[in-house]
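Only one structure is covered here, and it is reproduced in the block below.
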There are 2 protein chains.
Amino acid sequence: MIYSKIAIDCVVIGYSVQENRFKILLIQRNNEPQKGAWALPGGFVKQTEEFETTAKHILKKETGIRNIFMDQLKAYSLTGCEDADRIISIAFFSIINMEKVKSDEAEQYSKWFDLHKIPKLPFDHKNKVKDTVDYLKMHVNTQPYLFKLLPAKFTLNQLQRIYECLFNVSIDNRNFRKKAKQMAYIEKLDELEVNTSRRPAYLYKFNPSKYKQAFKLF
Amino acid sequence: MIYSKIAIDCVVIGYSVQENRFKILLIQRNNEPQKGAWALPGGFVKQTEEFETTAKHILKKETGIRNIFMDQLKAYSLTGCEDADRIISIAFFSIINMEKVKSDEAEQYSKWFDLHKIPKLPFDHKNKVKDTVDYLKMHVNTQPYLFKLLPAKFTLNQLQRIYECLFNVSIDNRNFRKKAKQMAYIEKLDELEVNTSRRPAYLYKFNPSKYKQAFKLF
DNA sequence: GCAAAAGTGTTACCCTTACACCCATGA
DNA sequence: TCATGGGTGTAAGGGTAACACTTTTGC
């Protein structure tokens, strides 16, 4: 019988509305192996609790970020990369709006990297990032991930730019707005942007329960 | 540091063209706990190898089935259900055509159950079955799972019946065939059904590479 | 008034849906 | 010849895609 250590890695995908860029949160490893290298936040499971709980603890400890959702991606096996042990690594991911993360939560060793300018990562971390991005692209039309990338109140053009950035396409603005108007879960507020140096846009908010109703499986 | 045993469970979803029914493959447990109960085929990881390899070995050992694809569903944590150990269970699933499984592969202790008449299952097995069915429904339009439920050569009406059975709806036959005709990866053969007691239907086959091209992520 | 982004309608085309009858085969 | 499932076309309506200009604001 084999007993394994269980590691958890956190793939935190962020999006900056200001920069219109997808980001990934990395930490500078404090322990061997690969001490000093940029890597996914991660750690070993040390208590019997739900993996998701552990994942959130690890993320908070390593980056200071808390109160975000985490979903399981899948389990990976790492054989023989540390001692002769078999290690299981369960990857969790989160999809968040970078600007929502308070700056006092940003710890010394964590840093956002542009998704297209990721440094060389140790172990199978690059795979996990790729798998998460693929997962996001595949589920973006059936799960409300995109709205997690935006502030609670957002403009339609901000939403459009996320689509365009994620899939590297450009969308007709009139058609996009027409479609958005049909979606009951995108609710127009009676409120305008503030502190803008141009014509302020109307703000909208996402209604999760209406979304659920629209996308429930039969 | 916690060390865990790693279990693997196999959710094998089958479909019988003859019966037009979805099935699940269960085994009668040979070991405690829950000896004698119907359960998912499963076992512990005993060597360092890819989980998928282990899953296939387990399935072969417990049911005799081999040479089928298995995809990872996700990892589950089972805390305190056996001794005081933490057990990790990684669920794998397979989607197959029941009639493709040779009868000499059917072992003494495995049996197909109608998906709507599943006996009470131990541990979290019921959850795993539900999660697999949900996964299947959600990915059926973007992954070629449906074709794995059919023989290599199938008729359009067989394909239609799978849709209808899976989602419990009825589809207009003319519209279904029209749509199927547009899909380049469903290729009509110059061949008819044999041994039928009615008008024989044309056979079709699935072209995986054309499918990939149609569904690749941007 | 100018720069910069917000916001708006119409048309053509395509895809979806609804609907009913003839065909080929074995018994 | 009959029973059974296989196979076909058309028209209406809804949704998608292509297209350019006006509006509002800060400076």
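Chain naming here is simple, since letters A, B, ... match the order of the sequence lines and numbering starts at 1 in each. The model shown is predicted, which means the values in this text are computed figures rather than measured ones.
Minimum heavy-atom separation, B:L26 to B:W38: O-CZ3, 3.7 Å. For the residue pair B:L149 and B:I96, the shortest heavy atom distance occurs at CD2-O, 3.5 Å.
Whole-Å rounding puts the A:I171 CD1 to C:dA6 C1' distance at 17 Å. Atom CZ in B:R198 sits about 13 Å away from atom P in C:dT25, given to the nearest Å.
Close approach of DNA chain D to chain A, defined as any atom under 4.0 Å from a non-hydrogen atom of the protein, starts and stops at D:dT16 to D:dG26.
Taking the six-membered ring wherever Trp is involved, the centroid distance between the rings of B:Y204 and B:F147 does not fall below 6.0 Å.
A cation-pi arrangement is present between B:K148 and B:F69 under the rule of less than 6.0 angstrom and at most 45 degrees off the ring axis. A cation-pi arrangement, defined by a distance under 6.0 Å to the six-membered ring centre and an angle within 45 degrees of its axis, is absent between A:K111 and A:Y109. A cation-pi contact, defined as under 6.0 Å to the ring centre and within 45° of the axis, is absent between A:K178 and A:F176. Both tests do not hold together for B:K23 against B:F113: distance to the six-membered ring centre under 6.0 Å, angle to the ring axis within 45°. Under the 6.0 Å distance and 45° angle rule, B:K128 counts as a cation-pi partner of B:Y76.
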Test side-chain hydrogen bond (donor to acceptor under 3.5 Å, both in side chains) on B:S209 and B:N207; report intermediate values, then the result.
CA-CA 6 Å; B:S209 65; B:N207 183 322; 3.0 Å; yes

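Taking the screw axis at each terminus of the helix from C:dG1-D:dC27 to C:dA27-D:dT1 from five consecutive base pairs, the angle between the two is 0° to within rounding of 10 degrees.
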Counting primed atoms plus P, OP1 and OP2 as sugar-phosphate and everything else as base, spell out the protein contacts along nucleotides 15-20 of chain C at 4.0 Å heavy-atom distance: B, S or - for each nucleotide, 5' to 3'.
-SBBBB

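Within the nucleic acid shown, B:T196 comes within 4.0 Å of sugar-phosphate atoms alone, with no base atom in reach, counting heavy atoms only.
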